[in-house]
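Notes to accompany the following structure.
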Amino acid sequence: MDPETKRLLGLVGGILVIASIIGFILSRRARSEAAKATIANLNARIRSWWVMAAIFSATILLGPTFTTVLFALLSFLAMREFITLTRTDRADHEVLFWAFFIILPLHYLLVGIGWYGMFTIFIPVYAFAFIPFRRVLTGETKNFLANTSRIQWALLICVYAVSHMPMILALPLRDYEGENAKLLFFFVLTVQLSDVLQYVWGKTCGKRPVAPRVSPHKTWEGTVGGIGTTVLISSLLWWATPFSPWQAGLMALLICLAGFFGGLVLSAIKRDLGAKDWGGSIAGHGGFLDRIDSLCFAAPLFFHITGFCFGTGMD
């Protein structure tokens with residue numbers, strides 16, 4: 001573990017310690033039932049963050065194989081939540097078997113061996129063609145388009161988009177060989193900080209909703225304050241990346257905006273399905289997909305723009 005990695009881990013640990021202290025103080029001062037419920041939710045979120053941060057940090061330190069396995073498991077659990085909330089018929093069961101137990105493992109095998117060319121097209125080309133081919137063999141035409149599209153969307157968001165994060169570890173970058181774990185850490189930290197700070201700014205200053213029918217709790221004040229603060233913090237972490245300070249700030253702005261709109265898209269899908277959360281697996285956060293919705297849309301953009309601007313080319 002090099003000094004820069006230690007500093008990143010120390011930063012995350014310090015943030016969580018401060019958040020835990022603040023949560024404890026607020027819980028002792030809360031008087032009304034509404035305030036107690038809000039603070040209880042906040043502390044549940046903080047406790048979950050401790051667990052998630054510990055698991056993510058440990059897998060990063062253990063190496064690319066463990067990191068790839070972690071994200072493969074995360075994709076499986078997220079896709080399970082996605083499919084559980086959407087409508088499927090008996091004719092979809094065999095297609096779902098292929099999606100969960102054939103396509104997902106094969107795709108992460110491509111990540112593990114670093115086969116970039118096949119990684120980029122396996123799901124958006126071959127899997128997208130295979131899903132309707134396999135569905136039509138059942139002979140069932142009812143809900144064919146809707147159900148096929150749902151499975152394709154599940155693969156695109158929960159598997160293909162998520163897998164760009166462990167693939168960062170295989171991205172060849174100029175003058176940055178062997179340090180990609182810190183870049184992945186920077187990316188995840190930036191997106192999650194943006195989510196947390198938007199929540200904090202929104203709770204303290206938020207008044208005007210951005211999209212009240214899609215996500216009523218997202219406000220302009222929370223969005224601007226959260227993204228602005230995150231960009232400032234991330235630009236100060238340029239030393240852990242292949243970027244200069246201003247480049248780190250621009251990359252942070254890009255992924256914060258992508259993450260924000262990604263969260264809105266998945267919120268719109270939840271509203272369409274009549275659900276508040278994707279699940280209840282993570283205390284205070286909802287489901288796995290609730291926690292990674294911003295990452296899903298930001299990861300492909302960050303990966304490809306970083307590779308295009310700072311990479312040396314992939315096979």
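Basis for what follows: all heavy atoms, side chains included, without hydrogens, waters or symmetry-related copies.
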Step-by-step side chain to side chain contact (heavy atoms under 4.5 Å, CB included) determination, Thr84 to Trp278: CA-CA 9 Å; Thr84 299; Trp278 288 103; over 6 Å; no
query: Does the pair Phe130 and Trp98 meet the rule for a ring pair (Phe, Tyr, Trp, His ring centres under 6.0 Å), with working shown?
result: CA-CA 10 Å; Phe130 175 80; Trp98 277 87; 4.8 Å; yes
- request: Apply side chain to side chain contact (heavy atoms under 4.5 Å, CB included) to Phe187 and Leu295, showing your working.
  value: CA-CA 9 Å; Phe187 168 74; Leu295 292 166; 3.7 Å; yes
message: Could you go through Met79 and Ile83, starting from their C-alpha distance and side-chain angles, then the distance that decides it, and tell me whether this counts as side chain to side chain contact (heavy atoms under 4.5 Å, CB included)?
response: CA-CA 6 Å; Met79 189 160 69; Ile83 294 298; 4.2 Å; yes
message: Checking Phe66 against Phe71 for the side chain to side chain contact (heavy atoms under 4.5 Å, CB included) test, could you report, in this order, the C-alpha distance in whole Å, the side-chain angles of both residues, the deciding distance, and whether it holds?
response: CA-CA 9 Å; Phe66 286 91; Phe71 281 100; over 6 Å; no
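Ionic pairing of Asp89 and Lys142 is not present here: no N-O contact between side-chain nitrogen and carboxylate oxygen is shorter than 4.0 angstrom.
Cation-pi geometry between Arg45 and Tyr199 is met: the NZ or CZ atom falls under 6.0 Å from the ring centre, inside 45° of the normal.
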Could you go through residues 298-306 and list every donor-acceptor pair under 3.5 Å that involves a side-chain atom there, pairing it with any protein atom two or more places apart or in another chain?
from: His304; atom 1: NE2; to: His164; atom 2: NE2; distance (Å): 3.2
from: Thr306; atom 1: OG1; to: Phe302; atom 2: O; distance (Å): 2.7

Distance-only donor-acceptor pairs under 3.5 Å for side chains of residues 148-157, two or more places apart:
from: Thr148; atom 1: OG1; to: Phe144; atom 2: O; distance (Å): 2.7
from: Ser149; atom 1: OG; to: Leu145; atom 2: O; distance (Å): 2.7
from: Arg150; atom 1: NH1; to: Arg87; atom 2: O; distance (Å): 3.4
from: Arg150; atom 1: NH1; to: Asn147; atom 2: OD1; distance (Å): 2.6
from: Gln152; atom 1: NE2; to: Phe128; atom 2: O; distance (Å): 2.9

Between side-chain atoms of residues 11-21 and protein atoms elsewhere (two or more places apart, or another chain), which donor-acceptor pairs fall under 3.5 Å?
from: Ser20; atom 1: OG; to: Leu16; atom 2: O; distance (Å): 2.8
from: Ser20; atom 1: OG; to: Trp50; atom 2: NE1; distance (Å): 2.8

Under 3.5 Å, sequence neighbours excluded: what are the donor-acceptor pairs made by side chains of residues 248-264?
none

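Using a 4.5 Å heavy-atom cutoff, the side chains of Leu171 and Met167 are not in contact. For the pair Trp115 and Phe122, the minimum side-chain heavy-atom distance is 4.5 Å or more. Inter-residue side-chain proximity for Val188 and Leu184 is flagged as met; some heavy-atom pair is nearer than 4.5 Å. Looking at heavy atoms from C-beta onward, Thr5 lies out of side-chain contact with Phe185 at the 4.5 angstrom threshold. A 4.5 Å side-chain heavy-atom check between Ile131 and Ile103 finds at least one atom pair inside the cut-off. For the pair Leu289/Ile292, a side-chain contact is recorded, criterion being any heavy-atom separation below 4.5 Å from C-beta on. Looking at heavy atoms from C-beta onward, Ile282 lies out of side-chain contact with Val51 at the 4.5 angstrom threshold. At a threshold of 4.5 Å between non-hydrogen side-chain atoms, the residues Phe76 and Phe101 count as touching.
Between the side chains of Asn43 and Arg47, no donor-acceptor pair of N or O atoms lies under 3.5 Å. Between the side chains of Ser163 and Tyr108, no donor N or O sits under 3.5 Å from an acceptor N or O.
Pairs passing the side chain to side chain donor-acceptor pair (under 3.5 Å) check and including a residue from residues 53-68, sequence neighbours excluded, do not occur. Sorted by first then second residue, the side chain to side chain donor-acceptor pair (under 3.5 Å) pairs that include residues 217-228, not counting sequence neighbours, are Arg208-Glu221. Pairs passing the side chain to side chain donor-acceptor pair (under 3.5 Å) check and including a residue from residues 224-245, sequence neighbours excluded, read Thr190-Ser234, Trp201-Thr229, Ser244-Trp246, Ser244-Gln247. The stretch residues 175-194 participates, sequence neighbours left out, in these salt bridge (charged side-chain N to carboxylate O under 4.0 Å, His left out) pairs: Asp2-Lys182, Glu4-Lys182, Glu179-Lys182. Sorted by first then second residue, the salt bridge (charged side-chain N to carboxylate O under 4.0 Å, His left out) pairs that include residues 265-282, not counting sequence neighbours, are Lys270-Asp290.
If you chain together ILVMFWY residues whose side-chain heavy atoms come under 4.5 Å of each other, Leu236 ends up in a group of its own. Hydrophobic cluster membership of Phe133, counting Ile, Leu, Val, Met, Phe, Trp and Tyr whose side-chain heavy atoms lie under 4.5 Å apart directly or via other members: none, as it forms a cluster of its own.
Looking at every heavy atom in both residues, Ala268 comes nearest to Val214 through N-CG1, 3.7 Å.
Both Leu189 and Val196 sit in one connected hydrophobic cluster of ILVMFWY residues. Membership requires side-chain heavy atoms under 4.5 Å apart, directly or through other members.
Gln192 is linked by a side-chain hydrogen bond (donor to acceptor under 3.5 Å, both in side chains) to Arg291, counting only residues two or more places apart in sequence or in another chain.
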